[in-house]
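A quick note: this is a predicted structure, and the numbers were derived from the prediction, not measured. In listed order, ligands and their atoms are each counted from 1.
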Amino acid sequence: MATQVKKICCLGAGYVGGPTCAVIAYKCHDIDVTIVDLNEARIAAWNSDHLPIYEPGLDKIVFERRGKNLSFTTEVEKSVLEADLIFVSVNTPTKKSGLGAGFAADLAYVESATRQIADVAKSSKIVVEKSTVPCRTAESMRTILEANSNENIRFDILSNPEFLAEGTAINDLLYPDRVLIGGLQTPEGIKAQQALVEVYARWVPTDRIITTNLWSSELSKLAANALLAQRISSINALSAICEATGADIDEVSYACGRDSRIGPKFLKASVGFGGSCFQKDILNLVYLSEQLNLPEVAAYWKQVVDLNEYQKKRFVSRVIKTLFNTITNKKIAILGFAFKKDTGDTRESAAITLCKDFIQENAKVRIYDPKVSIEQIFLDLSEPGVIDSAKQLKNRVTIAKSAYEATEDADAMIITTEWDEFKELDYEKIYNQMHKPAFIFDGRLILDAEKLRNIGFRDYYCQLIT
Ligand code: UDX
Ligand code: UDX
């Protein structure tokens with residue numbers, strides 16, 4: 001018989017830990033779920049009417065279970081002490097300095113969370129690695145936990161990577177393609193694995209719950225993201241060829257996607273992928289390959305990231321070239337700042353790179369995004385080395401409250417995020433209020449080119465790729 005999980009604690013109330021554990025509480029009313037974070041403001045927000053992250057469907061689930069079997073707190077010790085299963089969902093950013101800087105994941109938070117569990121625990125626990133980590137991190141966690149266990153306390157470690165995508169997190173969690181649970185293939189490991197299987201089995205069909213060994217599970221997460229990102233870089237590489245030859249990338253993508261062996265998903269050409277995972281996970285894979293003395297494999301995956309950078313640069317130079325080789329003091333309206341629609345998350349968003357480049361070229365940038373806050377935009381753009389003084393930045397960048405405000409008197413309008421509302425704008429109105437000649441650059445290929453040409457953008461309309 002597997003141990004029955006009655007109390008779950010989640011360390012890290014971020015984009016992953018928050019929605020994942022809220023859904024567990026929603027589906028398992030007899031399990032007490034506590035989500036813990038060191039960040040007091042974040043916990044206060046989780047306990048308020050305005051949750052700290054925007055995710056369609058999340059409010060309803062949190063409001064329904066909060067105060068019943070779902071709670072948010074900063075009290076780490078108490079929560080760890082009481083839990084039988086602990087998710088480690090803290091962030092794992094790419095290292096900024098030291099060994100593996102720019103590639104390897106910074107595991108300091110994972111390690112401190114693990115040490116905290118070891119210090120506090122007075123009974124046996126199942127510790128679940130939820131954060132995306134380089135392969136074999138579970139091993140280090142296990143070493144720390146084992147060094148601190150005795151005959152009365154044992155720690156079993158599992159890897160249960162998240163496959164949720166932001167913007168569709170709740171749906172992904174309620175109806176996952178698969179849930180992956182890796183564990184050590186020892187009798188105790190298998191028993192722990194089974195305990196977590198039983199939690200998910202409350203709402204996920206058992207043929208979708210995959211159990212593997214620890215390392216397969218850890219590597220599968222990196223591999224899945226690398227394969228997804230690789231499709232985008234492949235289609236974006238082809239977009240450059242389309243632009244040079246007159247082929248239409250959307251048509252090419254459709255024709256290829258109709259091959260059932262290839263499939264239609266993740267073949268949308270864009271201004272480049274963003275988000276907290278793709279680049280970080282691929283760089284992890286690159287670092288791992290190098291560590292394993294597999295330089296060709298490392299170079300292969302590295303190219304997926306390089307191509308993404310190239311795509312952003314290519315887009316910027318296309319804009320400058322079209323605007324008669326200079327954008328000095330020209331007004332550029334940026335529509336969308338999040339890394340994709342239906343999220344307020346800006347981590348690694350292509351819009352950041354684009355805006356920084358436009359600022360360097362002395363353009364006046366006016367940004368509108370339906371979900372990203374003004375503070376966040378300035379924070380993302382004011383990283384050291386780009387524009388140092390806040391005053392200087394404010395001279396170059398303004399934030400608009402609507403797409404119409406952003407495009408007033410603008411020389412060019414750029415779609416950087418594929419928000420649905422951008423498809424429904426009154427483009428006639430926008431055309432009339434823009435500086436002529438008026439240019440549109442559709443970095444997400446969501447607009448109807450023909451319609452825009454008829455409005456008057458005719459000779460100046462410019463898709464990213466055709
Ligand atoms: C996730 C995954 O966990 C990460 O591995 C993945 O690669 C990116 O996405 P995410 O939930 O998006 O992370 O990160 P974030 O929103 O930053 O949440 C992490 C939370 O952990 C933060 O709220 C932070 O305050 C908290 N934290 C961090 C702790 O509570 N304790 C710590 O020691 C460190
Ligand atoms: C991703 C994975 O999809 C998810 O399984 C994993 O757990 C975390 O990382 P996420 O980063 O939230 O999720 O977003 P995703 O929908 O994968 O999009 C990533 C980026 O690729 C976005 O910037 C998106 O706009 C871009 N993209 C996606 C394209 O440019 N073209 C496409 O066809 C698809």
Side-chain angles (χ1 to χ4, degrees), residues 10-21 35-43 45-46 52-53 55 72-74 76 79 87-94 105-117 129-134 137 161-169 172-173 176-178 180 220-222 224-229 231-236 239 250 253 257 263-282 284 308 311-312 336 338-343 345-351 416-419 443-446 464:
C10 174
L11 302 180
Y15 286 89
V16 172
T20 307
C21 288
I35 308 182
V36 193
D37 205 294
L38 295 178
N39 183 333
E40 284 180 21
R42 208 163 204 186
I43 289 299
W46 278 109
I53 60 178
E55 193 62 65
F72 298 89
T73 174
T74 52
V76 186
S79 317
F87 283 108
V88 176
S89 248
V90 297
N91 38 343
T92 51
T94 304
D106 187 343
L107 295 175
Y109 298 135
V110 171
E111 183 175 333
S112 76
T114 311
R115 285 187 186 279
Q116 220 158 19
I117 298 171
E129 172 190 72
K130 193 78 186 153
S131 307
T132 308
V133 290
T137 301
E162 46 82 16
F163 291 106
L164 62 85
E166 286 173 38
T168 53
D172 296 342
L173 287 162
D177 284 345
R178 68 352 197 146
L180 182 56
S220 298
K221 174 59 201 273
L222 297 185
N225 274 348
L227 288 167
L228 287 170
R231 283 172 68 93
I232 305 173
S233 278
S234 298
I235 206 74
N236 284 343
S239 76
D250 256 353
S253 159
K265 294 180 183 166
F266 273 73
L267 282 184
K268 185 83 185 159
S270 66
V271 68
F273 59 74
S276 65
C277 289
F278 280 0
Q279 178 172 317
K280 176 167 75 80
D281 291 357
I282 298 169
N284 260 320
N308 198 46
Q311 184 76 348
K312 291 185 266 184
F339 81 96
K340 64 174 187 180
K341 72 171 181 176
D342 291 339
T343 177
D345 194 353
T346 60
R347 287 178 288 182
E348 307 296 339
S349 177
T416 32
T417 312
E418 72 283 21
W419 286 101
R444 294 291 188 161
L445 301 185
I446 55 170
L464 160 62

### Query
With a cut-off of 4.0 Å, which atoms of ligand 1 are near a heavy atom of S112?
33 (O)
### Message
Ignoring hydrogens, what is the shortest heavy-atom contact between G272 and N308? Give both atom names and the distance.
### Response
CA-OD1, 3.1 Å
### Query
Heavy-atom contact under 4.0 Å between A113 and ligand 1?
no
### Query
What are the two closest non-hydrogen atoms of S220 and F163, and how far apart are they?
O-CE2, 4.5 Å
### Task
Could you pull out, from V76, L38, I43, V110, the option with a heavy atom nearest to atom 32 (C) of ligand 1?
L38
### Query
So, does R231 sit close enough to ligand 2 that a heavy atom of it is under 4.0 Å from the ligand?
no
### Query
Looking only at heavy atoms of K221, does any of them come nearer than 4.0 Å to an atom of ligand 2?
yes
### Task
Could you say whether the N/O atoms of I232 and ligand 2 ever approach to under 3.5 Å?
no
#### Entry: Residue pair Q311 / S239, side-chain donor-acceptor N/O under 3.5 Å
yes
### Query
Should the pair R347-E166 be classified as a salt bridge under the 4.0 Å nitrogen-to-oxygen rule?
yes
### Message
Applying side-chain hydrogen bond (donor to acceptor under 3.5 Å, both in side chains) to S270 and E418, what does each step give before you reach the verdict?
### Response
CA-CA 10 Å; S270 66; E418 72 283 21; over 6 Å; no
### Task
Write out the residue and atom name of the closest protein heavy atom to atom 31 (N) of ligand 2, then the distance separating them to 0.1 Å.
K268 O, 2.9 Å
### Task
Would you check whether R42 has a nitrogen or oxygen atom less than 3.5 angstrom from a nitrogen or oxygen atom of ligand 1?
yes
#### Entry: Separation of E55 CD from D342 CG (nearest 0.5 Å)
8.0 Å
### Query
Under 3.5 Å, N or O to N or O, is E162 touching ligand 2 that way?
yes
### Query
Among protein heavy atoms, which lies nearest atom 15 (P) of ligand 2, and at what distance?
K340 NZ, 3.5 Å
### Query
Say you draw a straight line from CZ of R42 to CG of D37; how long is it, rounded to the nearest 0.5 Å?
6.0 Å
### Summary
In this structure, CG of L38 is separated from CD1 of I43 (nearest 0.5 Å) by 9.0 Å
### Summary
dist L180:CG -> K221:NZ (nearest 0.5 Å) comes out at 10.5 Å
### Task
Kindly give the heavy-atom pair with the smallest separation between C10 and C21, and that separation in Å.
CB-SG, 3.4 Å
### N or O contact, F163 vs ligand 2, cut-off under 3.5 Å
yes
#### Entry: Any N or O of F278 closer than 3.5 Å to N or O of ligand 2
no
### Query
Which of the numbered atoms in ligand 1 are below 4.0 angstrom from a heavy atom of Y109?
34 (C)
### Query
In terms of atom number and element, which parts of ligand 1 are under 4.0 angstrom from non-hydrogen atoms of N39?
25 (O)
### Task
May I ask which of A108, P52, G14, G12 has a heavy atom nearer to atom 18 (O) of ligand 1 than the others do?
G14
### Task
First locate atom CG of N225, then atom CG of L222, and finally report the distance between them rounded to the nearest 0.5 Å.
7.5 Å
### Query
Is L164 close to ligand 2, meaning an N/O of one under 3.5 Å from an N/O of the other?
yes
### Task
Could you tell me whether R347 and ligand 1 have an N or O pair separated by under 3.5 Å?
yes
### Message
Please verify the inter-ring angle class for F273 with F278; under 30° counts as parallel, over 60° as perpendicular, anything in between as tilted.
### Response
perpendicular
### Task
Check each atom of ligand 1 against the heavy atoms of S276 and keep those under 4.0 Å away; list them by number with element.
8 (C), 9 (O)
### Query
At the 4.0 Å heavy-atom cut-off, does T92 count as touching ligand 1?
yes
### Query
Which ligand 1 atoms, with their elements, are less than 4.0 angstrom from a heavy-atom of K280?
5 (O), 6 (C), 7 (O)
### Task
Identify, by atom number and element, the atoms of ligand 1 in contact range of S131, meaning under 4.0 Å from any of its heavy atoms.
3 (O), 5 (O)
### Summary
For A13 and I35, the nearest pair of non-hydrogen atoms, with its separation, is CB-CG2, 3.6 Å
### Task
Measure the spacing between CD of E40 and OG1 of T73 and express it to the nearest 0.5 Å.
9.5 Å
### Task
Pull out every atom of ligand 1 sitting under 4.0 Å from any heavy atom of V16, numbered as shown with elements.
1 (C), 2 (C), 9 (O), 11 (O)
### Query
Nearest protein heavy-atom contact for atom 24 (C) of ligand 2: which residue, which atom, what distance?
R444 NH1, 3.9 Å
### Query
Is it true that Q116 lies under 4.0 Å from ligand 1, counting heavy atoms only?
no
### Query
Can you tell which part of S89 has a heavy atom less than 4.0 Å from ligand 1: side chain, backbone, both or neither?
backbone
